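Below, each value reflects all heavy atoms present in this structure, side chains not excepted, and no hydrogens, waters or symmetry copies. Fair warning: this is a prediction, and the values are worked out from it, not measured in the lab. Letters A, B, ... mirror the listed sequences (proteins, then strands); counts begin at 1.
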Amino acid sequence: MRELGGERLILRLVEVEAYLGPEDRASHTWGGRRTARVASMWLGGGHAYVYFVYGLHYCLNVVCGEPGEGTAVLLRAGEAVAGAARMAALRGLAHAPRPGELAGGPARLCAALAVDRRLDGASLLAGELHLAAGEPVADDEVARGPRVGVAYAGKAARWPLRFALAGHRETSRPRLGG
DNA sequence: GACTCGATCGGCT
DNA sequence: GCCGATCGAGTCT
């Protein structure tokens, strides 16, 4: 849930990826890296970790576990529950978004919720950006597969740590089968 | 101090 | 399906 100027923008998360900390080569905390950029990923669970990538995109993670674990979940896609028009405007879309276009992809999700570095390290338990428990999802509704864009990570690149609602239309590309 | 490349997206072919 | 954009963190010298 994103609160922006009194308006509520609500996304239901439909796709995420897990990053397991120092032993996960695809993780920014691989090998115990403690640099300024990843500092917030070492915070305790419930904090946001926002980073800038490719010179023009932001990605939003939810930090997990105890302080010092360095584990997080990347939010890859969501479907609009409320505030879709505002989110489309934030995305700069002049037309009604097609399925998957509004927040289907980590950088799109950040753009739709106006997330940038100012929210890096912020608490997600309260405040203008926060997580709320949603409907429970049965195990057989969840498709899983290898993560995206981490081919450099060797063996860890093949770990099935990407999770999405099976057959959901808002998930990011490349679409997870199932 | 300089160089390399990335947890991406959108436009063009 | 392929490729360029764009910049800062990380790494090496």
Side-chain angles (χ1 to χ4, degrees), chain A residues 2 11 13-43 45-65 69-80 84 87-122 124 129 131 142-165 168-177:
Chain A
R2 174 79 160 119
L11 277 183
L13 298 175
V14 297
E15 184 184 351
V16 299
E17 280 179 7
Y19 289 85
L20 301 185
E23 72 272 25
D24 178 1
R25 194 169 167 188
S27 171
H28 288 174
T29 49
W30 177 60
R33 283 179 168 73
R34 281 182 171 277
T35 58
R37 180 171 71 144
V38 304
S40 54
M41 193 165 162
W42 292 103
L43 298 173
H47 290 269
Y49 166 46
V50 180
Y51 68 93
F52 188 58
V53 73
Y54 293 120
L56 63 163
H57 296 304
Y58 291 98
C59 293
L60 170 63
N61 297 246
V62 178
V63 181
C64 301
E69 276 189 26
T71 59
V73 169
L74 169 68
L75 307 186
R76 289 194 59 86
E79 71 174 336
M87 288 190 257
L90 286 164
R91 285 286 322 284
L93 300 174
H95 56 87
R98 289 185 289 274
E101 198 179 43
L102 186 61
R108 289 167 165 179
L109 188 149
C110 284
L113 295 181
V115 168
D116 61 26
R117 288 188 75 97
R118 285 172 301 192
L119 289 167
D120 186 34
L124 294 173
L129 176 67
L131 283 172
V142 179
R144 56 190 298 174
R147 292 172 293 187
V148 177
V150 296
Y152 61 87
K155 188 175 62 177
R158 296 192 294 276
W159 294 350
L161 293 176
R162 182 182 180 201
F163 304 91
L165 291 185
H168 203 280
R169 298 173 62 81
E170 291 279 348
T171 52
S172 67
R173 296 193 309 171
R175 190 147 294 158
L176 204 52

Is there a donor-acceptor pair under 3.5 Å between the side chain of [X] and the backbone N or O of [Y]?
X	Y	result
A:Glu69	A:Gly21	no
A:Asn61	A:Val63	no
A:Arg76	A:Glu15	no
A:Arg2	A:Ala114	yes
A:Thr71	A:Cys64	yes
A:Arg158	A:Lys155	no
A:Arg91	A:Leu102	yes
A:Trp159	A:Arg147	no
A:Arg108	A:Ser172	no

What is the distance, to the nearest angstrom, from the [atom1] atom on [X] to the [atom2] atom on [N]?
X	N	atom1	atom2	answer
A:Arg147	B:dT8	CZ	P	12 Å
A:Arg76	B:dT8	CZ	C1'	9 Å
A:Arg98	B:dG10	CZ	P	11 Å
A:Phe52	B:dC9	CZ	P	13 Å
A:His57	B:dG10	NE2	C1'	8 Å

Boundaries of the DNA chain C segment in contact with chain A, non-hydrogen, under 4.0 Å: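 Range of nucleotides within reach of chain A: C:dA5 to C:dT11.
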
Gap in Å between the two P atoms, one belonging to C:dG1 and one to B:dA7, rounded: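 About 23 Å, rounded to a whole number of Å.
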
Sugar-phosphate only, base, or nothing, as touched by A:Arg37 at under 4.0 Å among non-hydrogen atoms: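 Sugar-phosphate, backbone atoms only, no base.
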
Sugar-phosphate only, base, or nothing, as touched by A:Arg162 at under 4.0 Å among non-hydrogen atoms: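 If one applies the 4.0 Å heavy-atom cut-off, A:Arg162 turns out to touch nothing in the nucleic acid.
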
Plane angle bin for A:Tyr49 and A:His28 - parallel if under 30°, tilted between 30 and 60°, otherwise perpendicular: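 It falls in the perpendicular class, over 60°.
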
Strand-adjacent residues in residues 103-119 of chain A, judged by heavy atoms under 4.0 Å from DNA chain B: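 The answer is A:Gly105, A:Pro106, A:Ala107, A:Arg108.
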
Stretch residues 17-30 of chain A: residues that reach within less than 4.0 Å of DNA chain B through a heavy atom: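 Residues of residues 17-30 of chain A that come under 4.0 Å of DNA chain B are, in numerical order, A:Tyr19, A:Ala26, A:His28.
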
Secondary-structure notation, DNA chain C, from Watson-Crick and G-U pairs under 3.5 angstrom (| other strand): |||||.||||||.

Heavy-atom side-chain proximity of A:Val62 to A:Leu75 below 4.5 angstrom: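 Heavy-atom side-chain distance check passes, below 4.5 Å.
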
Over all atoms of both residues, closest heavy-atom pair of A:Gly121 and A:His47: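 The pair with the smallest heavy-atom distance is O-ND1, 3.3 Å.
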
For A:Glu170, all residues meeting side chain to side chain donor-acceptor pair (under 3.5 Å), sequence neighbours excluded: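 For A:Glu170 there are no side chain to side chain donor-acceptor pair (under 3.5 Å) partners, ignoring immediate neighbours.
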
Side chain of A:Arg91 - closest among B:dC9, B:dG6, B:dG10: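 Nearest listed nucleotide: B:dG10.
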
Under the ring pair (Phe, Tyr, Trp, His ring centres under 6.0 Å) test, residues paired with A:Phe163 that sit two or more places apart: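 Residues passing ring pair (Phe, Tyr, Trp, His ring centres under 6.0 Å) with A:Phe163: none at all.
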
